[in-house]
Amino acid sequence: MIRNEQLQARITPKQATPLFSCTIDQLIISMNSEAVAVASSRDWILLFLILRDKAMILMDLYALKRPTELGATRVEGIIRFPDDSGFLFNYLWGKTLRSGDEHVFGIRRLSDRSKCPISALEDYLLIMRILKLDIARGFLFRPARLGVIQNDSPINRRHLNSNLKYWL
């Protein structure tokens, strides 16, 4: 829907292209097969990138966070449920949380492991442990530049968009 202000300014709003479940299924199959191939070659940095992207995409489907907020997720704001059925996320700041209010939400484990954001996140955390990265603090989703994983900076929105376009 175009508003009067947009018509007067001759601006056409951009609409996001929807991702349907069949597209997501194909995306996950592609990422899984790529991860298996890369794991057999023992290219740990590339495996880190694939597992990070998969975890971010599946987390985004269930968390419905803005890409910038998802990229700035801090490890300190994540708690595992006592029964190991999922994770609790606590966001303290974001575009809609300017007053410092908290936004707490949980994501439960799905029966289908291939589409489960919790399983994807656990796989990602496992490769972080293998690479001896500090997973006790800092940003959850970390960028890699020139083969070096950055601990102290969040992954940015442009990077997230380009990764999604690559996989699609």
Between the CG atom in L121 and the CG atom in L51, the distance rounded to the nearest 0.5 Å is 10.5 Å
What I'd like to find out is whether the side chain of M59 reaches to under 4.5 Å of the side chain of L140, using heavy atoms alone. no
ask   = Got D123 and R113 here, is their nearest side-chain heavy-atom distance under 4.5 Å?
value = yes
Interatomic distance, CG@L125 vs CD1@I130, rounded to 0.5 Å, equals 11.5 Å
On a heavy-atom basis, the closest approach of M31 and K54 is CE-N, 3.3 Å
Applying side chain to side chain contact (heavy atoms under 4.5 Å, CB included) to L131 and not counting sequence neighbours gives W44, I45, F48, I127, L133, I149
Sorted by chain and residue number, the side-chain hydrogen bond (donor to acceptor under 3.5 Å, both in side chains) partners of R80 (sequence neighbours excluded) come out as D84, E122
Between the OH atom in Y124 and the CG atom in L58, the distance rounded to the nearest 0.5 Å is 14.0 Å
Salt bridge (charged side-chain N to carboxylate O under 4.0 Å, His left out) pairs touching residues 24-34, sequence neighbours excluded, are D25-K115
Under the criterion side chain to side chain contact (heavy atoms under 4.5 Å, CB included), I'd like the reasoning laid out for F81 against R108: C-alpha separation, chi angles, the key distance, then a yes or no. CA-CA 9 Å; F81 289 151; R108 291 207 169 274; 3.7 Å; yes
CD1 (I24) and CD1 (I29) are apart, to the nearest 0.5 Å, by 12.0 Å
Group every Ile, Leu, Val, Met, Phe, Trp and Tyr by side-chain heavy-atom contacts under 4.5 Å, then state whether V75 and L126 land in the same group. yes
Hits for side chain to side chain contact (heavy atoms under 4.5 Å, CB included) against P154, two or more places apart or cross-chain, chain-then-number order -> A72, F139
Rounded to the nearest 0.5 Å, the CZ atom of R142 sits from the CG atom of D134 at a distance of 6.0 Å
Spell out, yes or no, whether L61 and I118 are grouped together once hydrophobic residues are joined by side-chain heavy atoms under 4.5 Å, including indirect joins.
yes
By side-chain hydrogen bond (donor to acceptor under 3.5 Å, both in side chains), E76 pairs with (sequence neighbours left out) R74
Taken in chain and number order and not counting sequence neighbours, the residues that satisfy side-chain hydrogen bond (donor to acceptor under 3.5 Å, both in side chains) with S119 are none
